[in-house]
Amino acid sequence: MRALIFGASGQIGVPLVARLRDAGWAVDAVSRTAREPSPGITWHRGSLDAMPAVPQAFDAIFSCGPLDGFARWYRGAPVECARVVAFGSTSAAVKHDSPDAAERDVAARLAGAETTLFETAAQRGAAVTVLRPTLVYGAGRDATLTRIASLARRRRVFPLPRGATGLRQPVHVDDLADAAFACIDNAAAAGRSYDVPGGETLAYREMVARVLACLQPPARLLELPQPMFSLALRGAALMGIGAGLGDAAVARMREDLVFDTGPAARDLGYAPRPFRPQPGMFEPPR
Ligand SMILES: NC(=O)c1ccc[n+]([C@@H]2O[C@H](COP(=O)([O-])OP(=O)(O)OC[C@H]3O[C@@H](n4cnc5c(N)ncnc54)[C@H](OP(=O)(O)O)[C@@H]3O)[C@@H](O)[C@H]2O)c1
């Protein structure tokens, strides 16, 4: 069996490739960076916008990179493949009515890409499944919890605004790789999108507190009144820290972002782990 993977070098792509290799698949992977060959994987240097020459037929195609680029490529690609599994994001639902125009744009692109994928697959008689993760962690490469851990390691303290009690469901990269792998040969998942949240629902402040507590040595959570937090954030921005944490993201810390594991559990046997952080999960790979 042969698979084509986009994003094979990414935090979800790496464990997915491992599962495919263990199951005896030959993997063709596209990367924008030249990479050393390794057993079972053929790297092709290129990108979704500048595709290298790859074989024309696969048993499965996986997208673990940007969904909009993948949907565009798939629409025009001369490739034969009956099974496509692509990662999207719950951001499509969370950010569609954000006060931040850039966030609304992200949501619109994700939703548009899903539509394009399903339309293209229907024309080709292929089966597509889209998996929408919540907040991803586990490989020391995510932009939220690993970033928090990295700042906290340096300063021994991490500030949050008081009232950061919105519910979250952090999801481990290995559980997402399992979900993608479970889509292969799964007729029930054809033509469907699934939310794939983590296995525990907890308050934002509790999620951060657990990360800080697992560090060696542990760091302290400092809860500040909103005006003080805004001031601290402005100071951090001047030092080049806290980029990407806009007003909309701060306001969302009070909002519940909760998704149902039920459909993925029923169709894919999806059983994500509870949130039990270990220090190694937030250390960037060497
Ligand atoms: N991180 C999260 O919290 C989160 C949450 C919800 C959904 N998701 C979704 O899950 C998927 C995977 O996310 P991730 O966090 O694992 O990503 P990641 O670690 O940032 O990896 C993304 C991969 O995409 C590849 N890529 C980027 N641009 C590309 C292009 N133009 N052409 C070809 N490949 C390209 C990169 O490969 P090379 O560098 O080797 O080219 C990279 O390995 C994405 O669809 C993301 O939107 C992530």
Side-chain angles (χ1 to χ4, degrees), residues 4-19 27-38 41-52 54 61-74 76-77 84-95 103 105-114 116-117 128-149 168-180 183 193-198 204 207 211 244-245 249 252 257 259 264 272 275 281-282 284-285:
L4 174 64
I5 305 198
F6 296 92
S9 63
Q11 55 177 343
I12 302 171
V14 168
L16 176 58
V17 167
R19 279 153 183 72
V27 174
D28 288 89
V30 176
S31 174
R32 294 163 301 168
T33 306
R35 296 184 186 274
E36 293 295 316
S38 52
I41 179 161
T42 305
W43 287 101
H44 304 271
R45 188 168 179 196
S47 78
L48 286 157
D49 303 312
M51 271 299 278
V54 293
I61 299 177
F62 296 90
S63 169
C64 305
L67 186 68
D68 51 351
F70 176 69
R72 261 196 318 273
W73 170 79
Y74 182 59
V84 176
V85 181
F87 281 95
S89 176
T90 50
S91 292
V94 169
K95 296 179 179 166
E103 290 194 346
D105 181 55
V106 167
R109 280 190 285 121
L110 283 166
E114 283 199 29
T116 301
L117 263 187
V128 169
T129 303
V130 173
L131 300 173
R132 300 178 184 141
T134 48
L135 191 158
V136 176
Y137 76 98
R141 297 174 61 177
D142 63 280
T144 306
L145 297 181
T146 294
R147 203 156 148 221
I148 288 172
R168 292 295 183 277
Q169 297 165 306
V171 59
H172 195 282
V173 290
D174 287 347
D175 292 329
L176 295 172
D178 286 340
C183 291
S193 296
Y194 295 92
D195 294 331
V196 278
Y204 195 101
M207 175 180 74
V211 172
L245 196 59
R252 255 197 313 274
L257 308 182
F259 298 87
F275 186 56
M281 295 173 177
F282 310 106

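Order of listing sets the numbers, starting from 1, for every ligand and every atom in it.
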Give the residue, atom name and distance (to 0.1 Å) of the protein heavy atom nearest [atom].
{"atom": "atom 23 (C) of ligand 1", "value": "Gly7 CA, 3.5 Å"}
{"atom": "atom 17 (O) of ligand 1", "value": "Cys64 O, 4.2 Å"}
{"atom": "atom 36 (C) of ligand 1", "value": "Arg32 NH2, 3.5 Å"}
{"atom": "atom 7 (C) of ligand 1", "value": "Gly88 O, 3.1 Å"}
{"atom": "atom 1 (N) of ligand 1", "value": "Gln11 NE2, 3.2 Å"}
{"atom": "atom 4 (C) of ligand 1", "value": "Val136 CG2, 3.4 Å"}
{"atom": "atom 37 (O) of ligand 1", "value": "Ser9 OG, 3.2 Å"}
{"atom": "atom 32 (N) of ligand 1", "value": "Leu48 N, 2.9 Å"}

Answer side chain, backbone, both or neither: which part of [X] comes under 4.0 Å from ligand 1, heavy atoms only.
{"X": "Thr90", "value": "neither"}
{"X": "Ser31", "value": "both"}
{"X": "Arg35", "value": "side chain"}

N/O of [X] under 3.5 Å from N/O of ligand 1, yes or no?
{"X": "Gly65", "value": "yes"}
{"X": "Pro66", "value": "no"}
{"X": "Phe6", "value": "no"}
{"X": "Ala8", "value": "no"}

Any side-chain to backbone donor/acceptor pair from [X] onto [Y]? Under 3.5 Å, distance only.
{"X": "Ser47", "Y": "Ala50", "answer": "yes"}
{"X": "Arg35", "Y": "Ser31", "answer": "no"}
{"X": "Gln169", "Y": "Phe259", "answer": "yes"}

**Request:** Take Glu103 and Arg252 through the test salt bridge (Lys or Arg N to Asp or Glu O under 4.0 Å) and record every step on the way to the result.
**Result:** CA-CA 12 Å; Glu103 290 194 346; Arg252 255 197 313 274; 2.7 Å; yes
**Item:** Distance (rounded to the nearest 0.5 Å) between Trp43 CH2 and Asp28 CG
**Value:**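 The CG atom of Asp28 is 11.0 Å from CH2 of Trp43, to the nearest 0.5 Å.
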**Item:** Of Ser63, Pro66, Pro133, the residue whose pairing with Phe87 passes side chain to side chain contact (heavy atoms under 4.5 Å, CB included)
**Value:**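 Exactly one pass, corresponding to Pro133.
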Are [X] and [Y] side-chain neighbours, meaning at least one heavy-atom pair lies under 4.5 Å?
{"X": "Trp73", "Y": "Asp49", "result": "no"}
{"X": "Leu176", "Y": "Val196", "result": "yes"}
{"X": "Leu67", "Y": "Phe6", "result": "no"}
{"X": "Glu114", "Y": "Arg132", "result": "yes"}
{"X": "Cys183", "Y": "Leu131", "result": "yes"}

**For Ser89, atoms of ligand 1 separated by under 4.0 Å from a heavy atom** =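 Once the distances to Ser89 are compared, the set is 6 (C), 7 (C).
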**Message:** Distance under 4.0 Å to a non-hydrogen atom of Phe87: what atoms of ligand 1 satisfy this?
**Reply:**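 In order of numbering, the contacting atoms are 10 (O), 11 (C), 45 (O).
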**Request:** Take every heavy atom of Thr134, measure it against each atom of ligand 1, and state whether any distance is under 4.0 Å.
**Result:**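 Yes; Thr134 lies near enough to ligand 1 that a heavy-atom distance drops under 4.0 Å.
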**Prompt:** So is Ala143 in contact with ligand 1, going by heavy-atom distances below 4.0 Å?
**Reply:**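 Ala143 does not count as a contact of ligand 1 under the 4.0 Å cut-off.
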**Asked** Is the closest protein non-hydrogen atom to atom 45 (O) of ligand 1 under 4.0 Å?
**Response**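 There is a protein heavy atom less than 4.0 Å from atom 45 (O) of ligand 1.
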**Request:** Please state whether the rings of Tyr137 and Phe282 are parallel, tilted or perpendicular, taking 30° and 60° as the class boundaries.
**Result:**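 Plane angle under 30°, so parallel.
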